[in-house]
Amino acid sequence: MEPWTSAKLRAFRRKLLAWFDRAKRDLPWRATRDPYRIWVSEVMLQQTTVAAVIPYFNRFLNSFPTVQALAAADEQTVLNHWQGLGYYRRARHLHAAAKSLVTDHAGELPDDPDVWAALPGVGRYILGAVLSQAFDRRLPIVEANTLRVLSRLFGSRLDPREGLGKAWVWQAAADVLPRKRVGDFNQAMMELGALVCTPVAPKCGACPVARECAANRLGLQAEIPPPTRKKELTTVRESALLIQRDGKVLLCQRPPTTERGAMLWEFPASVEVVGMTADLGPELLTVRHGVTRFKITLVGTEATWRSGEFASDFYPTGVWVTAVELADYPMSTPQGKLRTEWTKDSRQGRLW
Ligand code: SF4
């Protein structure tokens with residue numbers, strides 16, 4: 001890798017920002033420098049696409065327009081607004097961080113990296129993204145798009161996702177930052193990765209910084225960065241029992257400490273775990289679903305309550321709810337599919 005001259009660096013920044021001004025997508029969180037709105041958008045955008053985030057972002061901001069409103073909300077309401085976005089830990093961290101800002105910092109979202117670094121769920125990426133966009137603080141960001149763009153620009157063969165390569169890419173992201181318009185520049189790098197410097201078939205012919213790009217010059221776009229190593233998937237087979245009693249169904253809340261779906265509601269895995277007996281009915285639905293490194297097959301089976309009251313060492317809470325009330329409880333996507341199947345009008349006639 002050749003070091004860049006300062007003239008090349010200046011040209012690069014100028015061209016990238018000019019392109020961003022021309023080509024950037026009109027996204028709801030771009031119309032603001034409010035750190036709260038930027039923060040919410042960045043948390044949602046981790047692991048989720050822009051198109052999927054937009055309706056959630058608008059709905060979330062409608063219900064919780066300020067950090068005070070978010071801090072005052074109960075956790076179930078916050079999780080309900082997150083339902084379908086997945087990775088619910090993000091929502092719980094966001095909520096806890098909002099409470100901490102209100103309690104310890106008078107509801108201010110300050111231009112202070114130390115305050116942000118101490119908040120739950122705020123890593124180096126979120127910190128850099130919020131402070132650079134809201135306050136133009138000169139902090140780098142690295143995420144899936146920028147690590148690809150930087151590796152190609154400089155022709156780095158290292159894997160930017162781990163070890164030495166990760167350290168390199170963070171340093172490169174810091175080195176290319178301009179002195180002004182830092183937030184726009186960080187967004188421009190991500191936007192270039194999303195729209196032009198795509199993982200497969202990057203549009204180098206339409207790229208504003210093609211002249212500066214080492215991978216383009218050397219024809220190495222397809223090899224840089226090296227492909228992500230395939231994660232070992234853990235296959236999980238789960239059951240869910242829809243135990244019915246007097247027109248209601250039993251719903252249980254997962255404990256706060258579980259690796260997946262903490263505090264979400266679900267149909268219990270068995271009658272034993274809720275201290276009941278029931279007559280098993282027909283299989284309702286089999287749902288196949290992937291979450292992080294898990295490949296889940298969830299088999300939902302109907303059952304009719306026979307005896308016992310809710311008592312569980314695993315679930316902290318269990319409630320009997322009607323089909324209408326079911327909609328108020330935040331559930332994981334696969335459990336939500338069982339709910340949808342079960343509450344379909346056509347089934348209601350037969351079951352109840
Ligand atoms: S020239 Fe091609 S490889 Fe280089 S940054 Fe632009 S799109 Fe990416």
Side-chain angles (χ1 to χ4, degrees), residues 1-27 29-30 41-42 45-53 124-125 128-129 132-133 136 138-230:
M1 274 180 288
E2 289 167 24
W4 284 18
T5 63
S6 50
K8 180 172 177 178
L9 199 50
R10 275 199 304 277
F12 166 73
R13 291 167 178 154
R14 184 171 32 77
K15 289 184 203 173
L16 184 68
L17 281 166
W19 170 81
F20 184 64
D21 290 340
R22 252 189 347 263
K24 71 177 171 209
R25 287 168 293 177
D26 184 17
L27 303 175
W29 46 89
R30 286 206 170 136
S41 74
E42 290 295 347
L45 285 164
Q46 285 196 312
Q47 321 267 7
T48 312
T49 62
V50 165
V53 162
R124 197 171 174 188
Y125 170 78
S132 68
Q133 289 173 50
D136 235 13
R138 202 157 179 247
L139 288 172
I141 52 145
V142 171
E143 44 69 81
N145 284 314
T146 46
L147 62 79
R148 184 172 60 255
V149 172
L150 285 163
S151 298
R152 286 175 175 166
L153 276 170
F154 288 92
S156 168
R157 298 287 205 140
L158 299 169
D159 184 342
R161 303 167 197 93
E162 54 189 31
L164 260 185
K166 189 170 174 183
W168 173 84
V169 82
W170 273 99
Q171 188 58 49
D175 290 346
V176 295
L177 285 179
R179 304 219 163 265
K180 291 181 189 157
R181 296 192 69 193
V182 183
D184 282 351
F185 182 87
N186 278 339
Q187 286 200 71
M189 290 288 283
M190 291 192 277
E191 196 78 336
L192 190 73
L195 301 181
V196 180
C197 193
T198 45
V200 179
K203 302 167 192 70
C204 302
C207 177
V209 291
R211 278 189 61 161
E212 284 74 21
C213 178
N216 182 42
R217 191 171 62 249
L218 302 168
L220 292 174
Q221 297 93 323
E223 285 147 64
I224 296 180
T228 319
R229 269 199 241 144
K230 283 242 173 351

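Here the structure is a predicted model, which is why all the values come from computation and not from measurement. First listed ligand is number 1; within each ligand, the first listed atom is number 1.
When each atom of ligand 1 is checked for a heavy atom of C207 under 4.0 Å away, the hits are 1 (S), 5 (S), 6 (Fe), 7 (S). Near Q221, the atoms of ligand 1 lying under 4.0 angstrom from a non-hydrogen atom of the residue are 3 (S). Close approach of ligand 1 to A210 (heavy-atom distance below 4.0 Å) involves ligand atoms 1 (S). Using a 4.0 Å cut-off to heavy atoms of N216, the atoms of ligand 1 that qualify are 1 (S).
The environment of CZ in R179 is sparse: at most 12 heavy-atom neighbours from other residues, nucleotides or ligands sit within 6.0 Å.
Of the protein's non-hydrogen atoms, the one nearest atom 8 (Fe) of ligand 1 is C197 SG, 2.4 Å. Scanning all protein heavy atoms for the shortest distance to atom 2 (Fe) of ligand 1 gives C204 SG, 2.3 Å.
The backbone N or O of T146 sits less than 3.5 Å from a side-chain atom of E143, completing a donor-acceptor pair. Not one N or O on the side chain of D159 forms a donor-acceptor pair closer than 3.5 Å with the backbone of G165.
Checked for salt-bridge contact, D21 and R181 meet the test: a charged N lies under 4.0 Å from a carboxylate O. No salt bridge links E212 with R13; every basic N to acidic carboxylate O contact stays at or beyond 4.0 Å.
Residue contacts to atom 8 (Fe) of ligand 1: C213 brings no N, O or S atom closer than 2.8 Å.
Side-chain atoms of Q187 and R30 include a donor-acceptor pair closer than 3.5 Å.
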